[in-house]
There are 2 protein chains.
Amino acid sequence: MVLIELSNYSVFTANHYREFLIVLSALALVIFGYLLKNQVNTRSSLLKRKQLPDDEKLALLQMSKREFEVLAKIAEGKSNSEIADLLFVSENTIKTHVSNIFSKLNVKRRTEAIKQAKEYGLL
Amino acid sequence: MVLIELSNYSVFTANHYREFLIVLSALALVIFGYLLKNQVNTRSSLLKRKQLPDDEKLALLQMSKREFEVLAKIAEGKSNSEIADLLFVSENTIKTHVSNIFSKLNVKRRTEAIKQAKEYGLL
DNA sequence: GATAAAATCACCCAAAAGTATGAATGCCAT
DNA sequence: ATGGCATTCATACTTTTGGGTGATTTTATC
């Protein structure tokens, strides 16, 4: 809006650079619109990409925070033992979580879980 | 550009609607820039999302068409035997392809392969 | 403080995935 | 026609994953 006002001002104080200023203003306005859309996109993609467990969605799927953490690691390509190390628990524990994740997502394999979680907008 | 010219023309044929026209032009220019960025985004995301094997990228990774087919199935959450059935070959063949895919993507697991392939823009 | 849900872990078994090696076939381009 | 590449398949072996069951401990909630 400030840019718009400024552009219009330039037009009004027209001297022999009038045409030049008009083109310049037009350009500025186009760039402004371009950047505006850029900003809009950036914000919305940030919202989509947040790694935080969306409480509502997790609740719908009856999935706990811990299970979501494990799910995220699976999607990062981590193995059960790697996840165990990262979360400082035993591999058996991770296996339990993974099994529970599968039944809640209604899948049989981790690759399916990744696909399904993305469809649910969890990842 | 046509829009810009049009806007400038409006300014020159100024009557008592002058200010109104200027604001209108400005608005049009902003919208134009906004839509421009929109178009740019759409085109680039289409490029990224097409499921067809991008010959250039595949060539860079030395990956064959068949290997890419298998990779796509992996990303769909399919097991080796399911992929074998879908492509009408033996599971052993799929295992061979999968191993080759892993070494070319420089990963050790199918979940990692999915992640890596997406980073390379293959999926 | 009782109850419920979440998180932890173990053990066993089975299935799937992954590694290594070797080999046969078909296709394409020089 | 032949050398290289892609595709196919097999066998043997190891590792990872997944299923089922049961149990202990934390944590939160009423």
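Proteins come first, then strands; the chains are lettered A, B, ... in the order of their sequence lines, and each starts at number 1.
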Is any side-chain heavy atom of B/I74 closer than 4.5 Å to a side-chain heavy atom of B/N80? no

If the cut-off is 4.0 Å, is B/T93 near the phosphate of D/dT8, judged by side-chain N/O to OP1 or OP2? no

In this structure, how many angstroms lie between the P atom of C/dG18 and the CD atom of B/E112, rounded? 10 Å

Got a sec: does the CD of A/Q62 have more than 12 other heavy atoms crowding it under 6.0 Å? no

Quickly work out the B/R110 CZ to C/dT19 C1' distance and round it to whole Å. 14 Å

Verify, without hydrogens or angle tests, whether B/R110 (side chain) and B/K78 (backbone) share a donor-acceptor contact under 3.5 angstrom. yes

Any side-chain N or O of B/N80 under 4.0 Å from OP1/OP2 of C/dA16? no

Side chain to side chain donor-acceptor pair (under 3.5 Å) partners of residues 100-109 of chain B, not counting sequence neighbours, each pair once: A/E82-B/R109, B/E67-B/K104

note: B/K65, atom NZ; C/dG26, atom C1'; distance rounded to Å ~ 16 Å

5′-ward residue of the pair B/R66/A/S81 relative to DNA chain D: B/R66

Give the rounded distance in Å between these two atoms: CD of B/E67 and P of D/dA6. 7 Å

Nucleotide C/dT8, atom P - distance to CD1 of A/I94 in whole Å: 7 Å

Decide whether A/T96 and A/S99 meet the rule of one side-chain donor and one side-chain acceptor closer than 3.5 Å. no

Show, in sequence, the C-alpha distance, side-chain angles and deciding distance for B/L61 and B/L122, and conclude whether the side chain to side chain contact (heavy atoms under 4.5 Å, CB included) test is met. CA-CA 10 Å; B/L61 294 165; B/L122 292 179; 3.5 Å; yes

Closest to the B/V89 side chain: D/dT8, C/dA7, C/dC9? D/dT8

Quick one, A/K95 and A/E91 - any side-chain contact, counting heavy atoms below 4.5 Å? yes

Tell me the interatomic distance from A/E69, atom CD, to C/dA6, atom C1', rounded to whole angstroms. 12 Å

Does the distance from a Lys or Arg side-chain N to an Asp or Glu carboxylate O, for A/K115 and A/E112, drop under 4.0 Å? no

Mind calculating the distance between CG (B/N92) and C1' (C/dA23) to the nearest angstrom? 13 Å

How large an angle, rounded to 10°, do the end axes of the helix from C/dG1-D/dC30 to C/dT30-D/dA1 enclose when each is built from five base pairs? 60°

So, taking the atom named CE in B/M63 and the one named CG in B/L105, what distance separates them when rounded to the nearest 0.5 Å? 4.0 Å

Where do N or O atoms of nucleotides 19-30 of chain D meet protein N or O atoms at under 3.5 Å, pair by pair?
none

Under 4.0 Å between a side-chain N/O of A/H97 and OP1 or OP2 of C/dA7, yes or no? no

Round to a whole Å and report the spacing from CD of A/E91 to C1' of C/dC11. 13 Å

Of the nucleotides C/dC11, D/dT7, D/dC9, which has the atom closest to the B/S64 side chain? D/dT7

